[in-house]
Amino acid sequence: MATTKIINPATEQVIKEVAIQGAEELDAAVARALAAGPAWRAVAPSDRARLLRRFAGLVEDHLEELAALETANVGKPISESRDEVGMVAEVFYFYAGAVDKHRGATVPVAGGVDMTFHEPLGVVGAIVPWNFPIAIMSWKVGPALATGNTIIVKPAEITPLTALRLAELGLEAGLPEGVLQVVTGKGSVLGTRLSEHPDVAKVAFTGSTEVGREVMARASGTIKRVTLELGGKSASVIFADADLEKAAASTPGGVFANAGQDCCARSRALVQRSVFDRYLELLADAVAAWTVGDPTDPATKMGPLVTAAHRDVVAGFLAPGMGGSPDQPVALAHRGPVPDGPGFWHPVSVVAPADPAWRMAREEIFGPVLAVIPFDDEEEAVRLANDTPFGLSGSIWTRDSARSLRMARAVQAGNLSVNSNSSVRVQTSFGGMKQSGFGRELGLEALAAYSEVKNVFVSTVD
Ligand code: NAP
Ligand code: MG
């Protein structure tokens, strides 16, 4: 069988060779998932919950191993990998607890009794990107299994290692064969087939808006359920009345975490003009403290980008001609150091002031590049924040609580935070507005994305 070499982005060394599976292997996996469905649905709720808790416990037991694997494969700092694997366990505990609380209703009607059931969909296909491989996989696996579906996960071709290991741990926890499977290979083969397969009931996709559009089109042939978590160009809106020190100190974490390869990255900082210069001074100190280097070092804040090709794409946003003047590279207010030697490094880069019309201020870069843009008043801040086809996340920094609520209602994004850059919690829903996608993951809301309401009316008329 054909294989692909899995590369460590920090060392450029081959970690492992992994199979490139084709459509036939995928079809076989779908057949297994379909066959496993009825018995899995019939597992008593408390037993299904127990299996998910055991799965969560095994993830905790293997936290260091999984975190090291994720860091080797993605290049992300080990501190982030530990947090993300910790989240995987938390996701499984959360949905274990939800199994027997996902209740239907009885509805007052004339002539009988009306009740609702939450039915599983069947076989779910999960298509996962390379930036948060194990975490995003768990966001789909947790609620899918809790609601009685079977699931096939297709990780990104370049980052399959933690997905494969997690599926092994699922078996060890006692999940029956065929309930959770991983297929490895190319999105253009496996992702397209999953999106079209007549026996797949739903596709849960996380990735680019471009591929999401294609998944949705393919899924239409069989009216598959689709949830899409896509790209973003989120803004952090910083008002003059904010705690400017805190806003500036939080900025690097909000955009450079995971080397900016984060759909929630606050890649635009919109800063009120009266504090623009002061904010930049404070930001320079915060960015200088953002250590870039060996991702296995617990003190490292940022590793390399995931591939050389992706690094070149990111660098292209700062190339000559991309920032107003035709022959000049985009002028940087700050450019950080990068290690020598192997690895797909890109420096943290701050562009200030950036013109909202430049490509780097409009398109998702998915790298450690921040555009700082001045605004005059609240109305302009809302207009700039919403001047994008995306709507995933964002932050509002102000001490005025009425303003924070006005802004939170006016900014079109699925996840907003006030005086914080944190977007993702197990307990709260996560997802996009506009072209950042639809459907919600995490929280109790995700249960609805993996089940269908069936309404049953029983006549009581003699
Ligand atoms: P991508 O190219 O869209 O790939 C995502 C997944 O789709 C991968 O598993 C990929 O497989 C697969 N795929 C590729 N072509 C496909 C096709 N024609 N049909 C079905 N599946 C296909 O995205 P990426 O480059 O991995 O990730 C970066 C993007 O993901 C960014 O735009 C980012 O914003 C977005 N993202 C969004 C969220 C969110 O929750 N909103 C979270 C993380 C990332 P291969 O790798 O094998 O090609
Ligand atoms: Mg891609």
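Since the structure is predicted, the reported quantities are computational estimates derived from the model, not experimental observations. Just so you know, ligand 1 is whichever comes first in the structure, and atom 1 is the first atom listed for that ligand.
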- Which residue pairs satisfy the side chain to side chain donor-acceptor pair (under 3.5 Å) criterion with at least one member in residues 151-162, sequence neighbours excluded? Glu70-Thr162, Glu157-Lys186
- Query: Can you name the residues that come within less than 4.0 Å of ligand 1, going by heavy atoms only?
  - Reply: Ile127, Val128, Pro129, Trp130, Asn131, Ile136, Lys154, Pro155, Ala156, Glu157, Gly185, Lys186, Gly187, Gly191, Thr192, Phe205, Thr206, Gly207, Ser208, Val211, Glu214, Val215, Glu229, Leu230, Gly231, Cys263, Glu364, Phe366, Leu392, Phe430
- Item | Lys301 bridged to Glu80 by N-O distance under 4.0 Å | no
- Would you call Glu172-Arg54 a salt bridge at under 4.0 Å N-O? no
Distance-only criterion, 3.5 Å: show the donor-acceptor pairs between side-chain atoms of residues 310-322 and protein atoms not counting sequence neighbours.
from: His310; atom 1: NE2; to: Phe366; atom 2: O; distance (Å): 2.8

- Decide if the gap between the ring center of Trp139 and the ring center of Phe430 is smaller than 6.0 angstrom. yes
Solution key, residues 342-351 side-chain donor-acceptor pairs under 3.5 Å, sequence neighbours excluded:
from: Trp345; atom 1: NE1; to: Pro342; atom 2: O; distance (Å): 2.9
from: Ser349; atom 1: OG; to: Pro347; atom 2: O; distance (Å): 3.0

